[in-house]
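Have a look at the structure below before the remarks.
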Amino acid sequence: PHTPCFIYKRTMWILWSLPVTIVGLGLLGFTLTCVTAKHNVLMIAIDDMRPELEPYGYSHMHTPNMQRLANRSMLFERAYVQVALCMPSRQALLTSRRPDTTKGWVISPKENFRNCGGAACDAHDCSGKCGMQSLVTLPEWFKKNGYLTVGSGKIFHEGSNTLYQDYQHSWDQAVGPPTGIYEGYSNLHPPAHTSPSMMRFNGTDDDLQDGTLALFTVDRIKNFSKTLDKDENFFLAVGFHKPHIPWYAPAKYWDYYPDDTVDLAPNLFEPIGVPAIAMQSVMKGWCSGKYSDLTKEVGPKLSKKFPLDNTTFPADWARKVRQAYWAALSYTDANIGTVLDALEASRFANNTVVALWGDHGYQLGDNDEWAKQTNFEHATRIPFMISVPGLTPGKTAGPVEAVDLFPTLVEAAAEVKLPPCPADTQKSRTTSICTEGRSLVPLLKNPQTLWQYPAFSQYERSNEAVMGYTMRSNEYRYTMWVKFDSTKAKPDFSSVVAEELYSHAEHPVPIDFNMEHTNVVGATHLKPVVEKMRAHVIKCASRPDLCGPAPDLF
């Protein structure tokens, strides 16, 4: 069912088209306060995509459609997620609340904010009315304010963990349980644990799920052109899965990356002085029964060392993984192009805000790591661009966060400023509409705007008994691992497990993936830097939005 605002707008349009004698019957005596929409919104979410793209300076990549979008957008060169893992990252972005507010740090139905961990309950408590039912999500805000909201693919995390993509709250057009929003189909979907990690095949783009998602989105745009009146607006979201493993793509995308052009990660070794708790070993699981090819060809050759020892990872297979990831990424770029073509051919071409984001970064053998699930730059930094009609495109280097997207889209599309969330986090958990981020509209209007807000991310270890808070300033990344009470979402900064400091002074804005090789937290000459950043993390880690700018860190 449509929201009252959408019905009201449609009714007013119909009534105003009727003869004056009918309109004069008093039917217009009812009014309803709704936002006056300025622009439609097209939001493109991408799974597991690091900013190794043409618009970020990587000429070996074939991503012409994201380059095309970047040419008309503000490209954020340093954008970071709150958690380098799908479900908690998306939950933070779509609610504009920090992970310690929604008590969402991992992939679990017990950490879905709708059902569990409310203000009066411990984390993981899903009994009774423990959920934060009143929190309004990004698409839900547009739905409540008269937009027609339609989603497809992976927007929230999929499945029962998120009540099937929050379909009961966030979307007007939902397929309904058990699928939630439109998920597409795939002609290539082999059984779990028996499938290879990668596949080059002779077929079409819509042999895979993401190809059908692109076509569904095109169909929606065409449908809106026929059914929406001139004063009605849409919020359309599509979430592409690739380059998430398994890396399947038609052969033409593999051809962009010939075997003899695929290099290894610039540094295969773990950072010097890195604490073990900072590392993960996802690839070992992939090589131990998760994917048939990696299990057979790579698993027996790996050392037993934790974390994964890249010196024992066969170089030919490391290149194959990187090649497969790049091919899957270029496949997604083509699907993005299909959607952009439809938008540009429609009557909405000049009045639609387009936002593209990744749910976290990705490690491809860099610094002895694969996949995500760390606090390093490679795992937390994402592609992030926003195109707003009438605003000049460009690039900005100010550090920004995923929680900033919600207030930014609301202001850019509807000219409404979200209020900041209450300083009392318990009240933030019960406040329907607010933000723990910041609107980026000042940067959209002027990329040179002074932006001195460090970016925060976090990751748990030891079944949430330890939390690592990481802060990215202009020249450094500082990470503090502390004991953590997950039931109360409370860090204990008096119980420090480990610390890290990585210098980005040579390239504050990354120019490649060759970084964070040495933990310099113990360097004598950097003691003042460590003390300053440690104090800021202790003060701000759970709620950075309450701390304001930090010029001393820039």
Looking only at side-chain N and O atoms, does [Y] offer a donor or acceptor that is under 3.5 Å from a partner on [X]?
X: T137; Y: S170; answer: yes
X: S387; Y: R72; answer: yes
X: W105; Y: D100; answer: yes

Which distance, rounded to the nearest 0.5 Å, do you find between the [atom1] of [X] and the [atom2] of [Y]?
X: T408; Y: F384; atom1: OG1; atom2: CZ; result: 6.0 Å
X: Q448; Y: T396; atom1: CD; atom2: OG1; result: 7.0 Å
X: F348; Y: L42; atom1: CZ; atom2: CG; result: 11.5 Å
X: K143; Y: L138; atom1: NZ; atom2: CG; result: 13.5 Å
X: D359; Y: W357; atom1: CG; atom2: CH2; result: 6.5 Å
X: E54; Y: N65; atom1: CD; atom2: CG; result: 9.5 Å

For residues [X] and [Y], report the shortest heavy-atom separation together with the two atoms involved.
X: G104; Y: P88; result: O-CB, 3.4 Å
X: N335; Y: G211; result: OD1-CA, 3.5 Å
X: D333; Y: M66; result: OD1-N, 2.8 Å
X: P510; Y: R381; result: CB-NH1, 3.7 Å

[Y] backbone acceptor or donor facing [X] side chain under 3.5 Å:
X: R220; Y: G151; value: no
X: N367; Y: E369; value: no
X: Q452; Y: P549; value: no
X: N115; Y: G131; value: no
X: T332; Y: K242; value: yes
X: T449; Y: W451; value: no

Name the residue from F493, F456, Y478 that meets the ring pair (Phe, Tyr, Trp, His ring centres under 6.0 Å) definition with Y469.
F493
For N463, I'd like to know if atom CG has over 12 heavy atoms of other residues, nucleotides or ligands within 6.0 Å.
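No - once you tally the heavy atoms of other residues, nucleotides and ligands closer than 6.0 Å, there are 12 at most.
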Between C540 and C547, is the SG-SG gap less than 2.5 Å?
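Yes, disulfide present: SG-SG under 2.5 Å.
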Give a yes/no on whether the SG-to-SG distance for C116 versus C121 is below 2.5 Å.
no
Sequence neighbours left out, what passes side-chain contact (heavy atoms from CB on, under 4.5 Å) with T479? Give chain and number order.
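N375, T470, R477, W481, E500.
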Excluding sequence neighbours, so at least two apart, what forms side-chain contact (heavy atoms from CB on, under 4.5 Å) with S462?
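Result, side-chain contact (heavy atoms from CB on, under 4.5 Å) vs S462: A465, V466.
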Establish, yes or no, whether the cationic atom of R50 lies under 6.0 Å from the six-membered ring centre of F513 and within 45° of the ring axis.
yes
Cation over ring, R78 on Y80, under 6.0 Å and within 45°?
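R78 over Y80 ring: no.
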Test salt bridge (charged side-chain N to carboxylate O under 4.0 Å, His left out) applied to D122 - qualifying residues, sequence neighbours left out:
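Result, salt bridge (charged side-chain N to carboxylate O under 4.0 Å, His left out) vs D122: K488.
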Checking side-chain hydrogen bond (donor to acceptor under 3.5 Å, both in side chains) between H360 and each of D48, T380, T374, which is the one that passes?
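Answer to the side-chain hydrogen bond (donor to acceptor under 3.5 Å, both in side chains) test with H360 among D48, T380, T374: D48.
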Would you sort out whether D210 and K154 count as a salt bridge (Lys or Arg N to Asp or Glu O under 4.0 Å), showing the intermediate values?
CA-CA 10 Å; D210 281 1; K154 186 175 180 180; over 6 Å; no
Are Y147 and F235 an aromatic pair by the rule of ring centers under 6.0 Å?
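No.
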How far apart are the C-alpha atoms of E464 and K103, what are their side-chain angles, what is the distance that settles it, and do they pass the salt bridge (Lys or Arg N to Asp or Glu O under 4.0 Å) test?
CA-CA 11 Å; E464 300 179 353; K103 303 174 186 176; over 6 Å; no
